[in-house]
Number of protein chains: 4
Amino acid sequence: MQEAKRSGGAPAAGGGTDAGTEKPRRRQARGERRIAQLLDAAANVFCTTGYTAASTNSIAREAGVSPGTLYQFFPNKEAIAIELGDQLLRRWRETYGQAFLPVHTSLPLAELLDAVLDPLIEFNQANPAFAVLMQGSDIPGHARLQHEKLNTGLVERTEEILAGYLPDAPPAEVARTANTIFAIFKAGLGLILTHEGAERDAYTKELKTVLHRYLSPLVGEAGC
Amino acid sequence: MQEAKRSGGAPAAGGGTDAGTEKPRRRQARGERRIAQLLDAAANVFCTTGYTAASTNSIAREAGVSPGTLYQFFPNKEAIAIELGDQLLRRWRETYGQAFLPVHTSLPLAELLDAVLDPLIEFNQANPAFAVLMQGSDIPGHARLQHEKLNTGLVERTEEILAGYLPDAPPAEVARTANTIFAIFKAGLGLILTHEGAERDAYTKELKTVLHRYLSPLVGEAGC
Amino acid sequence: MQEAKRSGGAPAAGGGTDAGTEKPRRRQARGERRIAQLLDAAANVFCTTGYTAASTNSIAREAGVSPGTLYQFFPNKEAIAIELGDQLLRRWRETYGQAFLPVHTSLPLAELLDAVLDPLIEFNQANPAFAVLMQGSDIPGHARLQHEKLNTGLVERTEEILAGYLPDAPPAEVARTANTIFAIFKAGLGLILTHEGAERDAYTKELKTVLHRYLSPLVGEAGC
Amino acid sequence: MQEAKRSGGAPAAGGGTDAGTEKPRRRQARGERRIAQLLDAAANVFCTTGYTAASTNSIAREAGVSPGTLYQFFPNKEAIAIELGDQLLRRWRETYGQAFLPVHTSLPLAELLDAVLDPLIEFNQANPAFAVLMQGSDIPGHARLQHEKLNTGLVERTEEILAGYLPDAPPAEVARTANTIFAIFKAGLGLILTHEGAERDAYTKELKTVLHRYLSPLVGEAGC
DNA sequence: GATGAATGAGGATTCATTCAT
DNA sequence: TATGAATGAATCCTCATTCAT
């Protein structure tokens, strides 16, 4: 689950390929594991109780470590959320990120939506904390977390794709459209994640329908 | 500071205007005022800090009463949120509710959307706590609050209207569509409330566009 | 020990002499008692462990109340020290303060020293926390506490008396002399309070000797 | 940052000059360096935050080593303070100590004071931790640290000098006088170290004045 | 009904110290 | 030796809730 970073290599001292950059760590094998444990635990707790109600003690307990251990790796609760967001975004990019580059060339809208949404939804199902942090209507002073990292990343990506389809639209309008798309996506994602089985699929389809109908006039496709 | 309301008066019984229907709760006028004070304060505090971070003490302070007084009217924090939701829903119905009944007859979609959304948005601007409680991504065990009251109320209303337009659709589909509409509405409302001036208007328009494009095929109108 | 504030009067509502000024309190009889208890406890704990090592929980425990109760009256540890300092200074002034006014007229130095030091030493023996707060080499950011309250009060008083004796000295020099006197006093007080019986008396005498010899040339008295 | 002093020369034992007595601790050169590092760091931290508020972790961090390393050389925080006091006293003796032996022969008081105080003040300016540990009004159970080491050392030295001047005084009185002198010195030192430039010099002079006036009658000199 | 005092468990965070590597 | 991870009790402080007046 958390072993995504250093696949190969000796467990203690990181092989020999990039010797030199590894000096200031050393005994961090254990530490890295702990960090992963803690982030996992935080993801669970954030999903279960939300950010505000999540206590650092409960995260530590969930991770099976003492409170002090948590604070050896994170200076406070916010830092945990930030690092978790970063990690999820990184993981997202590593997992699906590359697939996006070719996407926005000039696919038909329906296929574009499939290509973009399916991986996102899949990733959110596998990492429900992602949605929690994106939504983040819980996190005090959340603009920092939300817009600087998770959302900005995705909104900007949306803007880029959008700009490819709407080269003539004024940037403010593109931004507004991207925000709207993203808000709709989050709303639909909420419905998808709170349903299961056939209903979940139906809501997935519905989300695509909404976005297709919203966007087809913009990109000059027949929506009817 | 806090004893400003204890005018004179007998401890148990006061006026006499509405005797008859209201007999056993005469001197509850004071109580009603207290409740209104407290709910107002709660609305402010919930908007400012969110539900979880709002403390009952801060609500009492904001209301200018003591913590003990708060607990004379509400058994716990959750009850405050529930009652606030009820009150807002009641207020909503009192203010705009009647106007809805005739609405869903057979207006063109665009006008229906105006007729439904404009009051809702207006009401949410005036009562931002409404949005907070609707969104409610803060409130632990929120399904109870959300779906039992605010949302259900509005979603059901949406379903009713929708059913008027789609008499042949299976109920499950109507429900799903209503949920989708409502989710989109909340998402758009979030954008609207977090922007101001021209941007706010633009997002309002965008929300209507989204819904119009989503719904026009359903209701058999030309959307293109 | 802490009943110095409202000697006479009914326990609950403070007699009738100053009716009118008592409104905004009401149930604070209990509260005042608690505050006194807490300040007493703080005095003990500060004396025993010093400011930094004193924990708010230990103060509450010493006072026989829960931590929460402490925080109903004091926002934090510093506030306790400040209020304790204020209370001690107030008590000092109430107890001996008036006696000082006539003092500095034109007593012979030896008698002035007796008149000033004996009450101060006596008061410090009765209220050892006074010395702790004066010394205050413990309290972080202590300039606020020390110089604004306890010390300033006494140093200024020293300056005034001194200025009476040295009308021609430049103010900077008077200030320096006052600081020196006060520092010597605190040093001597430390010795006095850490000894007992005959030794204590001997150190008291020694302190007076030091100050007498230091000051007699200044005030134009034969010191030899 | 912290290894700035290890210029040439082994500080205590290292080198090779006195081989023979030091045989079994060859490779302790590293250890000595570590200890010096740690004590330096402790001195800084104690000066900055005081003993109680200084954390062993912060000392280790300031020294650029891990907490575990610190505990390889010191069993606990108190031991660090004790060893630091010892080291400072040793350093004091190495630097100025010898000069004292001839001092107390029979200098005039004013010159004696210069001869004793100037180096002490200078040393304290260079090693502010010395004053912190001497004062030590922070250190819980400080009698141990204070009187067993720093202070005793200096007080005893004062007693010796004093006894040279007052051969007929009873020892208890000599001890009391020495304590008084030392207390005055510490008080004056506090004033000196908290002022700068001309004020610092003025307070230095004032301290000498105080002591001169206090002592001249004792040693049979004309103080007027 | 109203007040404000009282509670104590729980929150985030730190710290002296120990342990595995 | 040195490291840095680990601990858990203790720190300050808050909070929902209750109680005496």
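Below, read A as the first sequence line, B as the second, and so on, with proteins coming before strands; counting in each chain starts at 1. Given the structure is predicted, the values throughout are model-derived calculations rather than measurements.
Nearer the 5' end of DNA chain F, as judged by each residue's closest nucleotide, is the contact made by D:R34, out of C:T52 and D:R34. Between C:G68 and C:N57, the residue whose closest nucleotide on DNA chain E is further toward the 5' end is C:G68. Comparing B:Q72 and A:P67 along DNA chain E, the residue whose closest nucleotide (by nearest heavy atom) sits nearer the 5' end is B:Q72.
For B:Y71, whose side chain is taken as the heavy atoms from C-beta onward, the closest listed nucleotide among E:dA6, F:dA5, F:dT18 is F:dT18. For D:T56, taking side-chain heavy atoms from C-beta onward, the closest of the listed nucleotides E:dT17, F:dT3, F:dA5 is E:dT17. For D:S66, the listed nucleotide lying nearest its side chain is F:dA2; candidates were F:dA5, E:dA6, F:dA2. The side chain of A:K77 sits closest to E:dA12 out of E:dT7, E:dA12, F:dT7.
Across the protein-nucleic acid pair, A:I59 atom CD1 and E:dG11 atom C1' stand 12 Å apart, rounded to whole Å. Straight-line distance from the CD atom of D:E32 to the P atom of F:dA2: 12 Å, rounded to whole Å. Rounded to a whole Å, the CZ atom of B:R61 is 14 Å from the P atom of E:dT3. Atom CG in D:N76 sits about 13 Å away from atom C1' in E:dT18, given to the nearest Å. As rounded to whole Å, 8 Å separates atom C1' of E:dC19 from atom CZ of A:R30. Separating the OH atom of C:Y51 from the P atom of F:dT11 is a distance of 14 Å, rounded to the nearest angstrom. Between C:R33 atom CZ and F:dT21 atom P the separation is 9 Å, expressed in whole Å. Rounded to whole angstrom, the span from the CZ atom of C:F73 across to the P atom of F:dC13 amounts to 17 Å.
Residue-level contact check: C:S55 touches the backbone only, with heavy atoms under 4.0 Å from sugar-phosphate atoms and none from bases. Contacts of A:A60 with the nucleic acid, taken as non-hydrogen atoms under 4.0 Å apart, are absent. Among the protein residues, A:F74 comes within range of no part of the nucleic acid, since none of its heavy atoms lies under 4.0 Å from any strand. Looking at heavy-atom distances under 4.0 Å, B:A54 makes contact with sugar-phosphate atoms alone, never a base.
Screening B:I82, B:L39, B:I59 against B:F74 for a side chain to side chain contact (heavy atoms under 4.5 Å, CB included) leaves a single residue, B:L39. The only member of B:T48, B:N44, B:D40, B:L38 that meets side chain to side chain contact (heavy atoms under 4.5 Å, CB included) when paired with B:E62 is B:N44.
Base pairing of E:dA9 is made with F:dT14, judged by Watson-Crick or G-U wobble geometry with both donor-acceptor distances under 3.5 Å. Under the Watson-Crick or G-U wobble criterion, with both distances below 3.5 Å, E:dT14 is paired with F:dA9. Pairing for F:dA20 is with E:dT3, a Watson-Crick or G-U wobble pair whose two hydrogen-bonding atom distances lie under 3.5 Å.
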Derivation and outcome, side chain to side chain contact (heavy atoms under 4.5 Å, CB included), residues B:L133 and B:Y51:
CA-CA 8 Å; B:L133 291 180; B:Y51 174 83; 5.6 Å; no
Under the side chain to side chain contact (heavy atoms under 4.5 Å, CB included) rule, what do B:Q87 and B:L84 come out as? Steps first, then yes or no, please.
CA-CA 5 Å; B:Q87 182 200 262; B:L84 177 58; 4.2 Å; yes
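With C:T49 contributing its side chain and C:V45 its backbone, the two residues share a donor-acceptor pair below 3.5 Å.
Side-chain contact check for C:Y71 and C:T56: at least one donor-acceptor pair (N or O, by modelled atom type) lies under 3.5 Å.
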